[in-house]
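Following: one structure in C-alpha coordinates, then a few remarks.
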Amino acid sequence: MKENMWTRWPSREALGRSGTSKAKRLYSRAVRGLLLVVLLWGAFSRRHLGIEGAAVAVAVVLVTAVAAWGFFRTTYAHRLLSSLALISVLLGIAVLAEATGFRGPALVIWCVCGITALQRLPLGAAVPVAAVALATYSAFNNDVWLTTAATVTGMALAGYVLRLDAESRGNAQRLLAQERAAREAEAESAALGERARIAREIHDVLAHSLSAQLVHLEAARLLIERGADREQILERVVAARGMARDGLDETRQALSALRGELSPLEEFLTGLVSGTDGAEVTVTGERRPLPAECSQAVRRVAQEAMTNVRKHARGATVRVRLDYGEREVTLDVRDAGGRPGELAGSGGGYGLLGMRERAELLGGSLDAGPDEKGFAVTLKVPV
(Lines give C-alpha, C1' and ligand atoms only; values in the text may rest on other atoms or scores of the structure.)
Protein backbone atom coordinates (compact mmCIF):
# COMPACT_ATOMS: atom_id res chain seq x y z
CA MET A 1 0.00 0.00 0.00
CA LYS A 2 1.27 3.41 -0.92
CA GLU A 3 2.39 5.35 2.14
CA ASN A 4 0.71 8.70 2.77
CA MET A 5 0.40 11.19 5.59
CA TRP A 6 -2.14 9.00 7.42
CA THR A 7 -0.10 5.81 7.40
CA ARG A 8 3.41 7.29 7.58
CA TRP A 9 5.24 7.02 10.86
CA PRO A 10 7.30 9.90 12.18
CA SER A 11 10.93 9.15 11.28
CA ARG A 12 13.19 7.44 13.79
CA GLU A 13 15.28 10.63 13.86
CA ALA A 14 12.14 12.48 14.96
CA LEU A 15 11.22 9.88 17.59
CA GLY A 16 14.76 9.57 18.96
CA ARG A 17 16.87 11.91 21.01
CA SER A 18 19.55 12.58 18.40
CA GLY A 19 19.86 16.27 17.63
CA THR A 20 17.98 17.32 20.76
CA SER A 21 19.70 20.03 22.74
CA LYS A 22 20.81 19.39 26.30
CA ALA A 23 18.35 21.96 27.63
CA LYS A 24 15.49 20.27 25.79
CA ARG A 25 16.46 16.85 27.13
CA LEU A 26 16.58 18.22 30.67
CA TYR A 27 13.17 19.82 30.15
CA SER A 28 11.73 16.52 28.89
CA ARG A 29 13.09 14.65 31.90
CA ALA A 30 11.73 17.29 34.23
CA VAL A 31 8.26 16.95 32.70
CA ARG A 32 8.34 13.17 33.05
CA GLY A 33 9.51 13.45 36.62
CA LEU A 34 6.72 15.91 37.36
CA LEU A 35 4.14 13.53 35.87
CA LEU A 36 5.47 10.71 38.01
CA VAL A 37 5.25 12.92 41.10
CA VAL A 38 1.67 13.86 40.23
CA LEU A 39 0.72 10.21 39.86
CA LEU A 40 2.36 9.28 43.16
CA TRP A 41 0.81 12.27 44.90
CA GLY A 42 -2.59 11.38 43.54
CA ALA A 43 -2.15 7.81 44.73
CA PHE A 44 -1.04 8.60 48.28
CA SER A 45 -2.94 11.80 49.01
CA ARG A 46 -6.09 9.90 50.00
CA ARG A 47 -6.21 9.50 53.76
CA HIS A 48 -8.24 6.26 53.83
CA LEU A 49 -5.56 4.43 51.81
CA GLY A 50 -4.16 1.59 53.91
CA ILE A 51 -1.00 -0.46 53.58
CA GLU A 52 -2.50 -2.87 51.08
CA GLY A 53 -4.01 -0.02 49.09
CA ALA A 54 -0.68 1.77 49.10
CA ALA A 55 1.06 -1.33 47.76
CA VAL A 56 -1.54 -1.68 45.03
CA ALA A 57 -1.20 2.00 44.17
CA VAL A 58 2.60 1.71 43.91
CA ALA A 59 2.25 -1.37 41.71
CA VAL A 60 -0.20 0.45 39.42
CA VAL A 61 2.15 3.45 39.14
CA LEU A 62 5.06 1.14 38.26
CA VAL A 63 2.96 -0.68 35.65
CA THR A 64 1.98 2.71 34.21
CA ALA A 65 5.64 3.78 34.02
CA VAL A 66 6.68 0.48 32.36
CA ALA A 67 3.81 0.67 29.86
CA ALA A 68 4.75 4.28 28.99
CA TRP A 69 8.40 3.30 28.51
CA GLY A 70 7.36 0.37 26.35
CA PHE A 71 5.12 2.65 24.27
CA PHE A 72 8.06 4.96 23.57
CA ARG A 73 10.21 1.98 22.54
CA THR A 74 7.63 0.35 20.28
CA THR A 75 6.79 3.60 18.53
CA TYR A 76 10.50 4.18 17.92
CA ALA A 77 10.65 0.71 16.35
CA HIS A 78 7.50 1.51 14.29
CA ARG A 79 5.52 -1.45 15.68
CA LEU A 80 1.90 -0.38 15.40
CA LEU A 81 0.05 -3.26 17.08
CA SER A 82 2.36 -3.28 20.10
CA SER A 83 2.09 0.50 20.41
CA LEU A 84 -1.71 0.39 20.27
CA ALA A 85 -1.79 -2.41 22.84
CA LEU A 86 0.41 -0.47 25.28
CA ILE A 87 -1.50 2.79 24.94
CA SER A 88 -4.73 0.80 25.45
CA VAL A 89 -3.23 -0.50 28.70
CA LEU A 90 -2.52 3.09 29.76
CA LEU A 91 -6.07 4.16 28.92
CA GLY A 92 -7.42 1.17 30.86
CA ILE A 93 -5.31 2.12 33.87
CA ALA A 94 -6.81 5.61 33.70
CA VAL A 95 -10.33 4.16 33.63
CA LEU A 96 -9.46 1.96 36.62
CA ALA A 97 -8.05 4.95 38.49
CA GLU A 98 -11.21 6.95 37.82
CA ALA A 99 -13.40 4.05 38.95
CA THR A 100 -11.48 3.72 42.26
CA GLY A 101 -11.62 7.41 43.03
CA PHE A 102 -8.18 8.52 41.76
CA ARG A 103 -9.50 11.14 39.38
CA GLY A 104 -6.36 13.32 39.30
CA PRO A 105 -3.99 10.58 38.04
CA ALA A 106 -6.68 9.40 35.60
CA LEU A 107 -7.03 12.86 34.04
CA VAL A 108 -3.25 13.20 33.76
CA ILE A 109 -2.96 9.81 32.00
CA TRP A 110 -5.73 10.66 29.52
CA CYS A 111 -4.12 14.01 28.66
CA VAL A 112 -0.64 12.51 28.22
CA CYS A 113 -1.99 9.66 26.08
CA GLY A 114 -3.82 12.10 23.80
CA ILE A 115 -0.80 14.35 23.31
CA THR A 116 1.73 11.51 22.95
CA ALA A 117 -0.43 9.61 20.46
CA LEU A 118 -0.54 12.64 18.17
CA GLN A 119 3.19 13.07 18.53
CA ARG A 120 4.41 9.50 17.96
CA LEU A 121 1.82 7.42 16.06
CA PRO A 122 0.80 7.50 12.40
CA LEU A 123 -2.01 10.01 12.02
CA GLY A 124 -4.43 7.29 10.95
CA ALA A 125 -4.03 5.65 14.38
CA ALA A 126 -3.14 8.78 16.36
CA VAL A 127 -6.36 10.68 15.66
CA PRO A 128 -8.75 7.94 16.93
CA VAL A 129 -6.58 7.23 19.99
CA ALA A 130 -6.27 10.94 20.83
CA ALA A 131 -10.01 11.40 20.27
CA VAL A 132 -10.84 8.58 22.72
CA ALA A 133 -8.36 9.83 25.33
CA LEU A 134 -9.40 13.49 25.17
CA ALA A 135 -13.12 12.68 24.95
CA THR A 136 -12.82 10.55 28.10
CA TYR A 137 -10.96 13.40 29.77
CA SER A 138 -13.77 15.77 28.80
CA ALA A 139 -16.42 13.41 30.13
CA PHE A 140 -14.88 13.15 33.60
CA ASN A 141 -13.46 16.67 33.96
CA ASN A 142 -15.41 18.89 36.35
CA ASP A 143 -14.58 22.21 34.66
CA VAL A 144 -17.21 24.15 32.72
CA TRP A 145 -17.64 22.98 29.16
CA LEU A 146 -15.96 26.04 27.63
CA THR A 147 -12.84 25.58 29.74
CA THR A 148 -12.78 21.86 28.99
CA ALA A 149 -13.20 22.49 25.26
CA ALA A 150 -10.35 25.01 25.29
CA THR A 151 -8.14 22.61 27.24
CA VAL A 152 -8.85 19.70 24.88
CA THR A 153 -8.24 21.87 21.81
CA GLY A 154 -4.98 23.16 23.28
CA MET A 155 -3.75 19.64 24.07
CA ALA A 156 -4.60 18.42 20.57
CA LEU A 157 -2.74 21.36 19.05
CA ALA A 158 0.17 20.82 21.43
CA GLY A 159 0.47 17.17 20.37
CA TYR A 160 0.43 18.06 16.66
CA VAL A 161 2.93 20.91 17.14
CA LEU A 162 5.24 18.56 19.01
CA ARG A 163 4.92 16.15 16.09
CA LEU A 164 5.82 18.85 13.56
CA ASP A 165 8.75 20.00 15.69
CA ALA A 166 10.07 16.45 15.97
CA GLU A 167 9.71 15.91 12.21
CA SER A 168 11.57 19.15 11.55
CA ARG A 169 14.38 18.01 13.83
CA GLY A 170 14.42 14.60 12.15
CA ASN A 171 14.65 16.20 8.71
CA ALA A 172 17.51 18.36 9.91
CA GLN A 173 19.30 15.25 11.21
CA ARG A 174 18.86 13.44 7.89
CA LEU A 175 20.10 16.45 5.93
CA LEU A 176 23.09 16.72 8.25
CA ALA A 177 23.88 13.02 7.76
CA GLN A 178 23.57 13.40 3.98
CA GLU A 179 25.82 16.45 4.03
CA ARG A 180 28.43 14.60 6.08
CA ALA A 181 28.27 11.65 3.69
CA ALA A 182 28.61 14.00 0.72
CA ARG A 183 31.61 15.72 2.31
CA GLU A 184 33.26 12.37 3.05
CA ALA A 185 32.64 11.25 -0.54
CA GLU A 186 34.00 14.55 -1.83
CA ALA A 187 37.09 14.28 0.37
CA GLU A 188 37.65 10.69 -0.76
CA SER A 189 37.22 11.70 -4.39
CA ALA A 190 39.64 14.58 -3.93
CA ALA A 191 42.16 12.24 -2.31
CA LEU A 192 41.84 9.74 -5.16
CA GLY A 193 42.19 12.55 -7.68
CA GLU A 194 45.31 13.83 -5.93
CA ARG A 195 46.78 10.34 -5.87
CA ALA A 196 46.09 9.96 -9.58
CA ARG A 197 47.65 13.35 -10.23
CA ILE A 198 50.80 12.44 -8.27
CA ALA A 199 51.02 9.09 -10.04
CA ARG A 200 50.64 10.78 -13.42
CA GLU A 201 53.32 13.36 -12.64
CA ILE A 202 55.81 10.80 -11.40
CA HIS A 203 55.03 8.52 -14.34
CA ASP A 204 55.62 11.32 -16.84
CA VAL A 205 58.86 12.35 -15.19
CA LEU A 206 60.21 8.81 -15.10
CA ALA A 207 59.03 8.03 -18.64
CA HIS A 208 60.75 11.12 -20.03
CA SER A 209 63.93 10.73 -18.00
CA LEU A 210 64.36 7.00 -18.52
CA SER A 211 63.55 7.27 -22.20
CA ALA A 212 66.25 9.89 -22.66
CA GLN A 213 68.75 7.81 -20.70
CA LEU A 214 67.88 4.78 -22.79
CA VAL A 215 68.65 6.75 -25.95
CA HIS A 216 72.18 7.54 -24.81
CA LEU A 217 72.91 4.18 -23.21
CA GLU A 218 71.73 2.30 -26.27
CA ALA A 219 73.84 4.58 -28.45
CA ALA A 220 76.82 3.82 -26.22
CA ARG A 221 76.17 0.09 -26.62
CA LEU A 222 76.08 0.43 -30.41
CA LEU A 223 79.30 2.42 -30.38
CA ILE A 224 81.00 -0.23 -28.28
CA GLU A 225 79.84 -2.97 -30.66
CA ARG A 226 81.24 -0.99 -33.58
CA GLY A 227 84.55 -0.45 -31.82
CA ALA A 228 84.11 3.32 -31.75
CA ASP A 229 86.51 5.74 -30.16
CA ARG A 230 86.61 5.89 -26.39
CA GLU A 231 85.72 9.57 -26.37
CA GLN A 232 82.53 8.96 -28.33
CA ILE A 233 81.45 6.24 -25.94
CA LEU A 234 82.31 8.37 -22.91
CA GLU A 235 80.30 11.24 -24.38
CA ARG A 236 77.19 9.06 -24.47
CA VAL A 237 77.72 7.73 -20.94
CA VAL A 238 78.20 11.26 -19.62
CA ALA A 239 75.04 12.34 -21.45
CA ALA A 240 73.12 9.44 -19.83
CA ARG A 241 74.43 10.50 -16.45
CA GLY A 242 73.28 14.04 -17.16
CA MET A 243 69.85 12.74 -18.09
CA ALA A 244 69.67 10.87 -14.78
CA ARG A 245 70.59 14.06 -12.96
CA ASP A 246 68.01 15.97 -14.97
CA GLY A 247 65.45 13.29 -14.08
CA LEU A 248 66.05 13.89 -10.39
CA ASP A 249 65.70 17.62 -10.93
CA GLU A 250 62.45 17.08 -12.83
CA THR A 251 61.16 14.88 -10.01
CA ARG A 252 61.85 17.66 -7.56
CA GLN A 253 60.13 20.11 -9.90
CA ALA A 254 57.09 17.82 -10.12
CA LEU A 255 56.87 17.60 -6.34
CA SER A 256 57.26 21.37 -6.13
CA ALA A 257 54.48 21.73 -8.69
CA LEU A 258 52.22 19.54 -6.57
CA ARG A 259 52.90 21.94 -3.71
CA GLY A 260 52.18 24.91 -5.95
CA GLU A 261 55.85 25.99 -6.19
CA LEU A 262 56.28 26.32 -9.95
CA SER A 263 58.93 28.32 -11.74
CA PRO A 264 57.70 30.65 -14.52
CA LEU A 265 56.74 28.69 -17.61
CA GLU A 266 58.75 30.94 -19.93
CA GLU A 267 61.92 30.29 -17.93
CA PHE A 268 61.30 26.57 -18.03
CA LEU A 269 60.91 26.52 -21.83
CA THR A 270 64.01 28.66 -22.30
CA GLY A 271 66.05 26.31 -20.12
CA LEU A 272 64.62 23.28 -21.92
CA VAL A 273 65.91 24.35 -25.35
CA SER A 274 69.11 25.97 -24.13
CA GLY A 275 71.20 22.92 -25.04
CA THR A 276 69.74 22.60 -28.55
CA ASP A 277 71.40 24.55 -31.37
CA GLY A 278 69.06 26.58 -33.54
CA ALA A 279 66.18 26.48 -31.04
CA GLU A 280 64.26 29.56 -29.96
CA VAL A 281 61.25 30.28 -27.74
CA THR A 282 58.56 32.82 -28.56
CA VAL A 283 55.89 33.92 -26.10
CA THR A 284 52.78 35.81 -27.23
CA GLY A 285 49.69 37.04 -25.44
CA GLU A 286 49.27 38.42 -21.93
CA ARG A 287 51.46 36.43 -19.58
CA ARG A 288 49.71 35.19 -16.43
CA PRO A 289 49.99 32.34 -13.92
CA LEU A 290 48.36 29.11 -15.07
CA PRO A 291 46.66 26.40 -12.99
CA ALA A 292 49.15 23.79 -11.76
CA GLU A 293 47.84 20.93 -13.92
CA CYS A 294 47.67 23.14 -17.02
CA SER A 295 51.24 24.35 -16.48
CA GLN A 296 52.46 20.82 -15.90
CA ALA A 297 50.80 19.62 -19.10
CA VAL A 298 52.61 22.32 -21.11
CA ARG A 299 55.94 21.41 -19.51
CA ARG A 300 55.55 17.67 -20.09
CA VAL A 301 54.51 18.09 -23.73
CA ALA A 302 57.43 20.44 -24.35
CA GLN A 303 59.84 17.91 -22.83
CA GLU A 304 58.43 15.06 -24.88
CA ALA A 305 58.53 17.12 -28.07
CA MET A 306 62.16 18.12 -27.50
CA THR A 307 63.09 14.50 -26.76
CA ASN A 308 61.55 13.48 -30.09
CA VAL A 309 63.49 16.25 -31.86
CA ARG A 310 66.77 14.96 -30.44
CA LYS A 311 65.87 11.40 -31.41
CA HIS A 312 64.46 11.96 -34.88
CA ALA A 313 65.71 15.34 -36.12
CA ARG A 314 69.19 16.04 -34.76
CA GLY A 315 70.54 19.40 -35.79
CA ALA A 316 67.10 20.68 -36.90
CA THR A 317 65.96 24.21 -36.29
CA VAL A 318 63.28 24.17 -33.56
CA ARG A 319 60.65 26.83 -32.96
CA VAL A 320 58.78 26.76 -29.65
CA ARG A 321 55.83 29.14 -29.41
CA LEU A 322 53.73 29.68 -26.28
CA ASP A 323 50.53 31.67 -26.79
CA TYR A 324 48.41 32.95 -23.90
CA GLY A 325 44.89 33.18 -25.30
CA GLU A 326 41.84 34.51 -23.51
CA ARG A 327 40.38 31.07 -22.85
CA GLU A 328 43.22 28.67 -23.64
CA VAL A 329 46.96 28.40 -23.76
CA THR A 330 48.65 26.96 -26.85
CA LEU A 331 52.07 25.34 -27.10
CA ASP A 332 53.45 24.78 -30.58
CA VAL A 333 56.78 22.95 -31.13
CA ARG A 334 58.00 22.61 -34.72
CA ASP A 335 61.24 21.41 -36.22
CA ALA A 336 62.51 22.01 -39.76
CA GLY A 337 63.65 18.43 -40.24
CA GLY A 338 67.05 16.94 -39.59
CA ARG A 339 68.99 13.73 -39.62
CA PRO A 340 67.68 10.85 -37.50
CA GLY A 341 69.65 9.93 -34.42
CA GLU A 342 71.12 6.50 -33.71
CA LEU A 343 67.88 5.39 -32.05
CA ALA A 344 65.35 7.01 -34.32
CA GLY A 345 63.41 3.75 -34.49
CA SER A 346 63.44 3.08 -30.74
CA GLY A 347 60.43 3.56 -28.50
CA GLY A 348 56.81 2.70 -29.09
CA GLY A 349 55.41 6.20 -29.47
CA TYR A 350 53.71 6.07 -26.11
CA GLY A 351 55.09 9.42 -24.93
CA LEU A 352 52.87 11.59 -27.10
CA LEU A 353 49.96 9.21 -26.51
CA GLY A 354 50.30 9.81 -22.78
CA MET A 355 50.48 13.55 -23.39
CA ARG A 356 47.32 13.40 -25.50
CA GLU A 357 45.50 11.58 -22.68
CA ARG A 358 46.70 14.21 -20.21
CA ALA A 359 45.43 17.02 -22.47
CA GLU A 360 42.04 15.34 -22.89
CA LEU A 361 41.70 14.95 -19.11
CA LEU A 362 42.04 18.73 -18.87
CA GLY A 363 39.50 19.31 -21.66
CA GLY A 364 42.16 20.19 -24.24
CA SER A 365 43.68 18.56 -27.29
CA LEU A 366 47.05 17.49 -28.66
CA ASP A 367 47.91 17.25 -32.36
CA ALA A 368 51.18 15.70 -33.46
CA GLY A 369 52.32 14.84 -36.96
CA PRO A 370 54.44 15.84 -39.97
CA ASP A 371 54.07 19.32 -41.42
CA GLU A 372 55.53 20.88 -44.58
CA LYS A 373 59.16 20.78 -43.40
CA GLY A 374 59.43 18.56 -40.39
CA PHE A 375 57.31 17.55 -37.39
CA ALA A 376 54.87 19.63 -35.34
CA VAL A 377 53.33 19.16 -31.89
CA THR A 378 50.49 21.46 -30.89
CA LEU A 379 48.88 21.44 -27.44
CA LYS A 380 45.79 23.43 -26.53
CA VAL A 381 44.58 23.52 -22.94
CA PRO A 382 41.67 25.62 -21.57
CA VAL A 383 42.47 27.94 -18.68
Side-chain angles (χ1 to χ4, degrees), residues 5-11 14-17 20-21 23-43 45 60-61 63-76 80 83-170:
M5 63 174 293
W6 295 101
T7 59
R8 184 178 64 248
W9 282 89
S11 65
L15 296 176
R17 298 178 181 178
T20 305
S21 63
K24 201 170 185 178
R25 288 197 296 270
L26 291 175
Y27 174 75
S28 177
R29 292 172 184 171
V31 170
R32 294 174 188 174
L34 179 61
L35 290 176
L36 182 60
V37 169
V38 169
L39 292 176
L40 291 173
W41 175 257
S45 62
V60 171
V61 170
V63 170
T64 303
V66 171
W69 177 84
F71 176 75
F72 274 79
R73 299 301 301 173
T74 55
T75 52
Y76 180 79
L80 183 60
S83 301
L84 292 177
L86 287 170
I87 202 167
S88 297
V89 170
L90 292 172
L91 293 174
I93 292 174
V95 172
L96 178 63
E98 174 65 27
T100 54
F102 296 94
R103 173 166 293 182
L107 295 177
V108 170
I109 293 175
W110 281 323
C111 292
V112 172
C113 285
I115 294 174
T116 307
L118 288 172
Q119 181 185 1
R120 301 184 68 87
L121 288 173
L123 286 179
V127 171
V129 172
V132 170
L134 297 180
T136 309
Y137 166 84
S138 302
F140 290 97
N141 189 28
N142 292 329
D143 293 334
V144 296
W145 70 269
L146 185 60
T147 302
T148 301
T151 303
V152 169
T153 302
M155 287 188 292
L157 291 175
Y160 192 66
V161 168
L162 288 173
R163 181 191 188 92
L164 295 178
D165 179 68
E167 283 286 13
S168 176
R169 176 170 52 82

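Counting begins at 1 with the first residue of the sequence. Quick note: numbers below take in every heavy atom, side chains included, and nothing from hydrogens, waters or symmetry partners.
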Would T116 and I87 count as a side-chain contact (heavy atoms from CB on, under 4.5 Å) if you check the C-alpha gap in whole Å, the side-chain angles of each, and the deciding distance to 0.1 Å? CA-CA 10 Å; T116 307; I87 202 167; 5.7 Å; no

So how far is it from R169 CZ to L15 CG, rounded to the nearest 0.5 Å? 8.5 Å

Verify side-chain contact (heavy atoms from CB on, under 4.5 Å) between W9 and L80, making sure each step is shown before the conclusion. CA-CA 9 Å; W9 282 89; L80 183 60; 3.7 Å; yes

Nearest heavy-atom pair of [X] and [Y]: which atoms, and what distance?
X: L134; Y: C111; value: CD2-CA, 4.5 Å
X: P122; Y: P10; value: N-CD, 4.4 Å
X: A94; Y: A106; value: O-CB, 3.2 Å
X: A126; Y: A117; value: CB-O, 3.1 Å
X: G114; Y: A133; value: N-CB, 3.8 Å
X: A14; Y: A166; value: CB-O, 3.1 Å

Give every residue pair that meets the ring-ring contact (aromatic ring centres under 6.0 Å, His included) criterion with at least one member in residues 119-141, sequence neighbours excluded. W110-F140

Report yes if some heavy atom in the side chain of L91 is under 4.5 Å from a heavy atom in the side chain of T136; otherwise report no. no

When you compare the side chain of V127 with that of W6, does any pair of heavy atoms fall below 4.5 Å? yes

Contacts satisfying side-chain hydrogen bond (donor to acceptor under 3.5 Å, both in side chains) that involve residues 67-76 (not counting sequence neighbours) are T74-S83, T75-R120

Look at the side chain of S88 and the backbone N and O of L84, then say whether any donor-acceptor pair between them is shorter than 3.5 Å. yes

Salt bridge (charged side-chain N to carboxylate O under 4.0 Å, His left out): pairs with one or both residues in residues 83-99, sequence neighbours excluded: E98-R103

Test C113 against every option in L118, V108, L90, I93 by the side-chain contact (heavy atoms from CB on, under 4.5 Å) rule and name the one that passes. L90

